[in-house]
Amino acid sequence: MQVTLESLVQYATLVTVVTGFVSLVVFARIYGKQVNAQIVIELFARYAAMHQSFPAQLRVAMFGSDRSLPEHREEFTACALQYAMIVSFAYHLHERRYITNDIWAILEAEHQQTISRPWFAREWNTVQGQFAMFPSFVAYMERFLPNHVQAQP
């Protein structure tokens, strides 16, 4: 079998096409992971900023389970709405596969911890109407509420 210039060019072209395709696949995977990381960093920054903006009474109620529930204030309702909006944003990103399941598991653990707190359950009854157009999100939120506080349909 004789190797000709034409066959060398064909093999070189095939190798170039295969290498280009593999490079494109690798680039797409790396880019996807990078975008996911940027989304996660932004989400965690929003959660952190939101938690820092909560009034001191509310932060104590969130993290001190042995404390009594503070009296209702409109400020707490605004905080619950802000929290639910961020959770909604993350939920919809996950539903559309912008957030991977392993990252979602971390977020979901935080959601469960916060949503199950008595202060949030009380405020959820006031703010849940803002999310009526997203029944799957409302069901997600109510799944974490204590059974005795869940809103009636």
Side-chain angles (χ1 to χ4, degrees), residues 14-153:
L14 178 63
V15 168
T16 303
V17 168
V18 169
T19 302
F21 180 74
V22 169
S23 298
L24 187 61
V25 169
V26 169
F27 173 75
R29 293 190 78 200
I30 290 171
Y31 180 75
K33 287 182 180 269
Q34 182 182 10
V35 168
N36 191 60
Q38 288 173 323
I39 289 170
V40 168
I41 289 168
E42 178 62 27
L43 275 174
F44 282 119
R46 287 183 184 194
Y47 278 108
M50 176 198 53
H51 283 296
Q52 288 176 348
S53 73
F54 282 177
Q57 272 188 315
L58 194 53
R59 285 196 304 262
V60 169
M62 284 178 61
F63 301 112
S65 59
D66 59 339
R67 304 279 183 160
S68 62
L69 185 62
E71 284 190 37
H72 172 73
R73 293 180 15 204
E74 287 183 18
E75 189 176 17
F76 296 164
T77 303
C79 290
L81 180 60
Q82 181 183 15
Y83 179 79
M85 289 174 72
I86 291 175
V87 173
S88 172
F89 179 66
Y91 175 83
H92 291 295
L93 285 175
H94 178 257
E95 288 291 303
R96 287 163 180 80
R97 302 192 193 284
Y98 286 103
I99 297 176
T100 60
N101 288 336
D102 55 338
I103 299 298
W104 181 247
I106 295 168
L107 291 173
E108 195 169 35
E110 192 283 328
H111 298 161
Q112 181 176 8
Q113 183 179 30
T114 301
I115 294 166
S116 66
R117 298 282 186 212
W119 80 269
F120 186 86
R122 177 183 68 196
E123 303 303 330
W124 175 250
N125 287 327
T126 304
V127 302
Q128 74 174 339
Q130 298 296 316
F131 303 96
M133 66 286 251
F134 305 114
S136 66
F137 172 70
V138 172
Y140 170 77
M141 295 291 280
E142 291 185 346
R143 169 177 104 163
F144 298 123
L145 291 174
N147 288 334
H148 66 280
V149 183
Q150 287 187 13
Q152 300 300 319

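- Residue pairs that meet the side chain to side chain donor-acceptor pair (under 3.5 Å) test with at least one member in residues 40-50, sequence neighbours left out, are Glu42-Arg46, Tyr47-His111.
- In terms of the salt bridge (Lys or Arg N to Asp or Glu O under 4.0 Å) criterion, Glu110 has no residue partners (sequence neighbours excluded).
- Residues passing the side-chain hydrogen bond (donor to acceptor under 3.5 Å, both in side chains) test with Gln112, sequence neighbours excluded: none.
- Scanning all heavy atoms of the two residues, the minimum distance from Val138 to Phe131 falls at CG2-O, 3.3 Å.
- With sequence neighbours left out, Ser136 forms a side chain to side chain contact (heavy atoms under 4.5 Å, CB included) with Tyr91.
- With sequence neighbours excluded, the residues satisfying side chain to side chain contact (heavy atoms under 4.5 Å, CB included) with Gln34 are Tyr31, Gln38.
- You'll find the side chain of Val87 reaches within 4.5 Å of the side chain of Phe137, heavy atoms only.
- Counting only residues at least two apart or in different chains, salt bridge (charged side-chain N to carboxylate O under 4.0 Å, His left out) contacts with residues 16-29 are absent.
- Taking every heavy atom of both residues into account, Ala132 and Pro135 meet most closely at O-CD, 3.8 Å.
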Practice prompt. List the steps, then state whether side chain to side chain contact (heavy atoms under 4.5 Å, CB included) holds for Leu93 with Trp104.
Written response: CA-CA 10 Å; Leu93 285 175; Trp104 181 247; over 6 Å; no
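- Rounding to the nearest 0.5 Å places OH of Tyr140 at 11.0 Å from OG of Ser88.
- Listed for the Ser23 side chain is a donor-acceptor partner under 3.5 Å among the backbone atoms of Thr19.
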Item to complete: Report the C-alpha separation of Met141 and Phe120 in whole Å, then their side-chain angles, then the decisive distance to 0.1 Å, and conclude whether the side chain to side chain contact (heavy atoms under 4.5 Å, CB included) test is met.
Response: CA-CA 11 Å; Met141 295 291 280; Phe120 186 86; 3.5 Å; yes
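- For the side-chain hydrogen bond (donor to acceptor under 3.5 Å, both in side chains) test, no residue two or more places apart in sequence or in another chain qualifies with Ser116.
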When the side chains of residues 94-102 are checked against the rest of the protein, which donor-acceptor pairs come out under 3.5 Å, sequence neighbours left out?
residue: His94; atom: NE2; partner: Asn101; partner atom: OD1; Å: 2.9
residue: Arg96; atom: NH1; partner: His92; partner atom: O; Å: 3.3
residue: Thr100; atom: OG1; partner: Asp102; partner atom: OD1; Å: 2.4

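- Residues passing the side chain to side chain contact (heavy atoms under 4.5 Å, CB included) test with Val127, sequence neighbours excluded: Thr77, Leu81, Trp124.
- The line from CD of Glu74 to OG1 of Thr126 is 10.0 Å long, rounded to the nearest 0.5 Å.
- Distance CG/Leu43 to CD1/Ile106: 12.0 Å, rounded to 0.5 Å.
- Closest approach of Gln113 and Arg117 over heavy atoms only: O-CG, 3.3 Å.
- With sequence neighbours excluded, the residues satisfying side chain to side chain contact (heavy atoms under 4.5 Å, CB included) with Val26 are Val22, Ile30.
- Shortest non-hydrogen contact noted between Phe76 and Pro55 is CE2-CG, 3.9 Å.
- For the pair Leu107 and Ala90, the tightest heavy-atom approach, listed with the atom from each and the gap, is CD1-CB, 4.3 Å.
- In this structure Thr16 satisfies the side-chain hydrogen bond (donor to acceptor under 3.5 Å, both in side chains) test with no other residue, sequence neighbours excluded.
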